[in-house]
Protein chains: 2
Amino acid sequence: MTKADGAQRRERKSDKTRRRILDAAADLLNRKGFDGTRVSEIATLAELRVPAVYYYFDSREAILEEVVNIGDRLAHDNVVRRLNELPPDASALDRICAAFAAHLEMVLTESAYTAAAMRTMGQLPADMRARQLERQRASGRMWRELIQAGVEAGEVDPELDPRAARMFLLGAVNWATEWWNPARGSLEEILATAQRLVRNALAGPLARSATAATPRAALSPVFIPPP
Amino acid sequence: MTKADGAQRRERKSDKTRRRILDAAADLLNRKGFDGTRVSEIATLAELRVPAVYYYFDSREAILEEVVNIGDRLAHDNVVRRLNELPPDASALDRICAAFAAHLEMVLTESAYTAAAMRTMGQLPADMRARQLERQRASGRMWRELIQAGVEAGEVDPELDPRAARMFLLGAVNWATEWWNPARGSLEEILATAQRLVRNALAGPLARSATAATPRAALSPVFIPPP
DNA sequence: GTCTATAGGAAGATAGAC
DNA sequence: GTCTATCTTCCTATAGAC
């Protein structure tokens, strides 16, 4: 076992506690919003008293900012990873659909952190919001370029405003936490619907051939978590 | 001037103050969320002291519930009104697009109340949320029937799950307050993009003829407020 | 109808024992 | 590392004068 392995695999008890606090905060951010998330509730959920929380974090805002930060990064990294998994001959539209599906998946099941980051965006205090926008620069560029590639390839309806279309579709997936219920349909189903909807929305009347609207098997929406 | 006119036109001073309080609360709900909206801030925005607010409302929650209630009703009524304005030969897809555009318009400009109602949905306390769901029943049915009519008319991609598609698209328009900036594009532009996107998304590969994806002039996205 | 003053409680944060 | 006890601030809501 390498030293790096030891440091990463076996989380110290201290790291575990810290993580429980962040998990609790992410959960509460989703249910109560930014201002509704209380340190006392975080402590209760993490099975601690309030002062123990302040041993790990300087302030309430520091906890919440770290949650948002992690959530944004998880979403970005997952989208990048899924894009890299695509076969080299994937079309521009294939890449766009895979990106939205990867983002949606993170929001819905893999990460309460990502859902929290998306849902509290508009509620952050000014300074936190500014830092978040700064961090999100790379993601913003990535999404812009994905859509732009589709336009240049002639696969995206040229009558659509690219920015508005991108934001509408991101909104559609970010909002999904409000209504998605795993009991009413599997993750695979919802991801398939999302991909179909995104493909239709962006291709528009260009999607004349039957194959253009049907993703290939290689673009499976199923998420395979890393070991 | 009819007596009804007199009652509606000339709002009593008392009604005006009450309205200022609700306006302030709607604005704050959008910016701060449910838990972040303070009575003291409502009072300041309404140019009052806190006790004056409690002269008009029994509690903080009573103010916020009325805002949400009004917001939901405004959205519903506006969608119904716009549907009634459509020419009788409008297609099922025309009706769906007009409905989403009417909802988006309310969310973006005509009503801070509607935006507040949509954005705070997930943050309401259990009892308020239950009452809101009860009130939203009629709206839910209306949206379901709109999409269903499209499916039955063969104008909606049959491979889409109707419920998921409806919720994704409502999410897309509800989320628009997070990013839409009037300085970057007019209301007419954003409504046109939304209609195009909704039409594409739902029609999918069925939208093979050029006309199918181009709304007619009769379906102007411009909102004309009542006198 | 609107105000000043204030009760009563809950929240964020810290001191200091263990 | 985690706790009990406590400080300070801010919030909702009310009492009562004008």
Side-chain angles (χ1 to χ4, degrees), chain A residues 7 10-69 116 120 123-129 131, chain B residues 7 10-68 116 120 123-129:
Chain A
R10 249 193 268 137
E11 228 175 13
R12 287 202 216 77
K13 182 193 158 201
S14 156
D15 291 336
K16 266 191 178 162
T17 307
R18 198 182 144 83
R19 202 191 165 69
R20 276 210 323 275
I21 294 170
L22 290 170
D23 285 350
D27 181 31
L28 286 165
L29 273 176
N30 280 305
R31 283 159 37 202
K32 311 285 189 87
F34 186 86
D35 289 276
T37 297
R38 311 281 173 213
V39 177
S40 58
E41 277 190 275
I42 295 175
T44 305
L45 263 185
E47 292 174 297
L48 291 169
R49 299 301 138 94
V50 170
V53 172
Y54 282 98
Y55 172 83
Y56 291 93
F57 295 90
D58 284 344
S59 69
R60 170 181 174 278
E61 292 208 354
I63 308 172
L64 304 189
E65 179 153 6
E66 183 152 339
V67 169
V68 168
N69 190 2
T120 57
Q123 297 170 22
L124 303 184
D127 56 334
M128 272 189 62
R129 179 67 182 135
R131 286 192 291 276
Chain B
R10 248 192 268 136
E11 229 175 12
R12 288 202 214 77
K13 183 193 157 201
S14 156
D15 292 336
K16 265 192 179 161
T17 307
R18 198 184 144 84
R19 203 192 163 70
R20 278 211 318 277
I21 295 170
L22 290 171
D23 285 349
D27 181 31
L28 286 165
L29 273 177
N30 279 306
R31 283 158 38 200
K32 310 286 189 85
F34 186 87
D35 289 276
T37 297
R38 309 285 172 211
V39 177
S40 59
E41 277 190 275
I42 294 175
T44 305
L45 263 186
E47 292 175 295
L48 292 168
R49 300 302 139 94
V50 170
V53 173
Y54 283 98
Y55 172 81
Y56 291 94
F57 295 91
D58 283 345
S59 69
R60 171 181 173 276
E61 291 209 355
I63 308 172
L64 304 188
E65 179 153 6
E66 183 152 339
V67 169
V68 168
T120 57
Q123 296 170 23
L124 302 184
D127 56 333
M128 272 190 62
R129 178 68 182 135

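Below, read A as the first sequence line, B as the second, and so on, with proteins coming before strands; counting in each chain starts at 1.
Taking every heavy atom of residues 19-53 of chain B and every atom of DNA chain C, pairs under 4.0 Å involve B/Leu48, B/Arg49, B/Pro51, B/Ala52, by number.
Within the 4.5 Å cutoff, the side chain of B/Arg20 has heavy atoms near those of the B/Leu48 side chain.
We find that OH of B/Tyr54 is positioned 18 Å from P of C/dA7, with the value rounded to whole Å. If you measure from atom OH of B/Tyr55 to atom P of D/dG16, you get 18 Å, rounded to the nearest angstrom. D/dG1 atom P lies 13 Å from atom NZ of A/Lys16, rounded to whole Å. One interatomic measurement links the two molecules: CD1 of B/Ile63 to C1' of D/dC11, which rounds to 13 Å at whole-angstrom precision.
Distances from the side chain of B/Thr17 to the nucleotides C/dT2, C/dG12, D/dG1 place C/dT2 closest. The side chain of A/Tyr56 sits closest to D/dT2 out of D/dT2, C/dT14, D/dT12. In the set D/dG1, C/dG12, D/dT12, D/dT12 carries the atom at the smallest distance from any side-chain atom of B/Arg60.
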Distance-only check: which donor-acceptor pairs under 3.5 Å involve side-chain atoms of residues 39-47 of chain A, not counting sequence neighbours?
unit_1	atom_1	unit_2	atom_2	d
A/Glu41	OE1	A/Lys32	NZ	3.4
A/Glu41	OE2	A/Lys32	NZ	3.2
A/Thr44	OG1	A/Ser40	O	2.9

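Distances shown here put every side-chain N or O of B/Ser59 at or beyond 4.0 Å from the OP1 or OP2 atom of D/dT12.
Atom CG of B/Asp127 has more than 12 neighbouring heavy atoms from other residues, nucleotides or ligands inside a 6.0 Å radius.
With salt bridges taken as basic N to acidic carboxylate O contacts below 4.0 Å, none links A/Asp15 and A/Arg19.
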Next item on the list: Please assess B/Glu66 against B/Arg18 for the test side chain to side chain contact (heavy atoms under 4.5 Å, CB included), listing each intermediate value before the final yes or no.
Entry: CA-CA 11 Å; B/Glu66 183 152 339; B/Arg18 198 184 144 84; 2.6 Å; yes
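Here the OG1-OH distance, from A/Thr17 to A/Tyr55, works out to 9.5 Å after rounding to the nearest 0.5 Å.
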